[in-house]
Amino acid sequence: MNKKTLLPYKQKRISHHLKLKDLAFILGIDPANLSRFEAGKAPNSKALLGYHTLFDLSTQPNIKLGLDLGYKELADKCFKLLEKLEDAPDTFKNRKRSEGLDSIIARLTNLEE
């Protein structure tokens, strides 16, 4: 992760005159984990969503930071599930599942670009 990417999170906390321990308490996160998140050393989806909720910061540009997997890895897992569905019975529900996965893969592919 890039430290510059997370800088707005720390700035927002500081601009609201909150200590790291204050925000960690509010979010129910260990202060050390929150510090690592702000420093760009560890992803933390709870922190990412907390900053979004409390400070109205957009998660879209940085949502990937909250995932342990990147977009490509998620798409790869979707492809693997599609392969499994090809061997499953050809039912209405399985066709709908395949359509849903195709839609997700298309979205992830666009986000990766």
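Source: prediction; values computed, not measured. Residues take their numbers from the sequence shown, with the count starting at 1. Values below: every heavy atom of this structure, side chains too, minus hydrogens, waters and symmetry copies.
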Chemist: Are Leu81 and Leu108 connected into the same hydrophobic cluster when the rule is that any two of I, L, V, M, F, W, Y join if their side-chain heavy atoms are below 4.5 Å apart?
Modeler: no

Chemist: Drop me the distance from Phe79's CZ to Lys84's NZ, to the nearest 0.5 angstrom.
Modeler: 15.5 Å

Chemist: Would you be so kind as to tabulate the donor-acceptor pairs closer than 3.5 Å made by side chains of residues 97-106, with sequence neighbours excluded?
Modeler:
| from | atom 1 | to | atom 2 | distance (Å) |
| --- | --- | --- | --- | --- |
| Arg97 | NH1 | Asn94 | OD1 | 3.0 |
| Ser98 | OG | Asn94 | O | 3.2 |
| Glu99 | OE1 | Lys96 | NZ | 3.3 |

Chemist: Taking Lys10 for its side chain and Ala39 for its backbone only, find out whether a donor-acceptor pair lies under 3.5 Å.
Modeler: no

Chemist: Could you pull out all residues at least two apart from Asp56 that satisfy side-chain hydrogen bond (donor to acceptor under 3.5 Å, both in side chains)?
Modeler: none

Chemist: Mind checking the CD-NZ spacing from Glu38 to Lys12? Nearest 0.5 Å is all I need.
Modeler: 13.5 Å

Chemist: Show which residues join Ile14 in its hydrophobic cluster (side-chain heavy-atom contacts under 4.5 Å, direct or indirect), or state none.
Modeler: none

Chemist: Considering residues at least two apart in sequence or located in another chain, which fulfil the side chain to side chain contact (heavy atoms under 4.5 Å, CB included) criterion with Asp22?
Modeler: Leu18, Lys19

Chemist: Looking at Lys46 and Gly28, what are the two nearest heavy atoms and their distance?
Modeler: NZ-O, 3.4 Å

Chemist: Phe55: which residues meet the ring pair (Phe, Tyr, Trp, His ring centres under 6.0 Å) condition with it, sequence neighbours left out?
Modeler: His16, Tyr51

Chemist: Show the numbers, then the answer: is there a side chain to side chain contact (heavy atoms under 4.5 Å, CB included) between Ile29 and Leu23?
Modeler: CA-CA 8 Å; Ile29 298 173; Leu23 191 55; over 6 Å; no

Chemist: Using a 3.5 Å distance criterion without hydrogens, assess whether the side chain of Ser35 forms a donor-acceptor pair with backbone atoms of Ala32.
Modeler: no

Chemist: Considering non-hydrogen atoms only, spot the tightest contact between Ala24 and Leu34 and give its length.
Modeler: N-CD2, 3.6 Å

Chemist: Measure across Leu20 and Pro31 and return the closest heavy-atom pair with its distance rounded to 0.1 Å.
Modeler: CD2-O, 3.5 Å

Chemist: Mind checking who shares a hydrophobic cluster with Phe92, ILVMFWY linked at side-chain heavy-atom distances under 4.5 Å?
Modeler: none

Chemist: Taking all heavy atoms of Phe37 and all of Pro43, pick out the closest pair and write down the distance.
Modeler: CD1-C, 4.4 Å

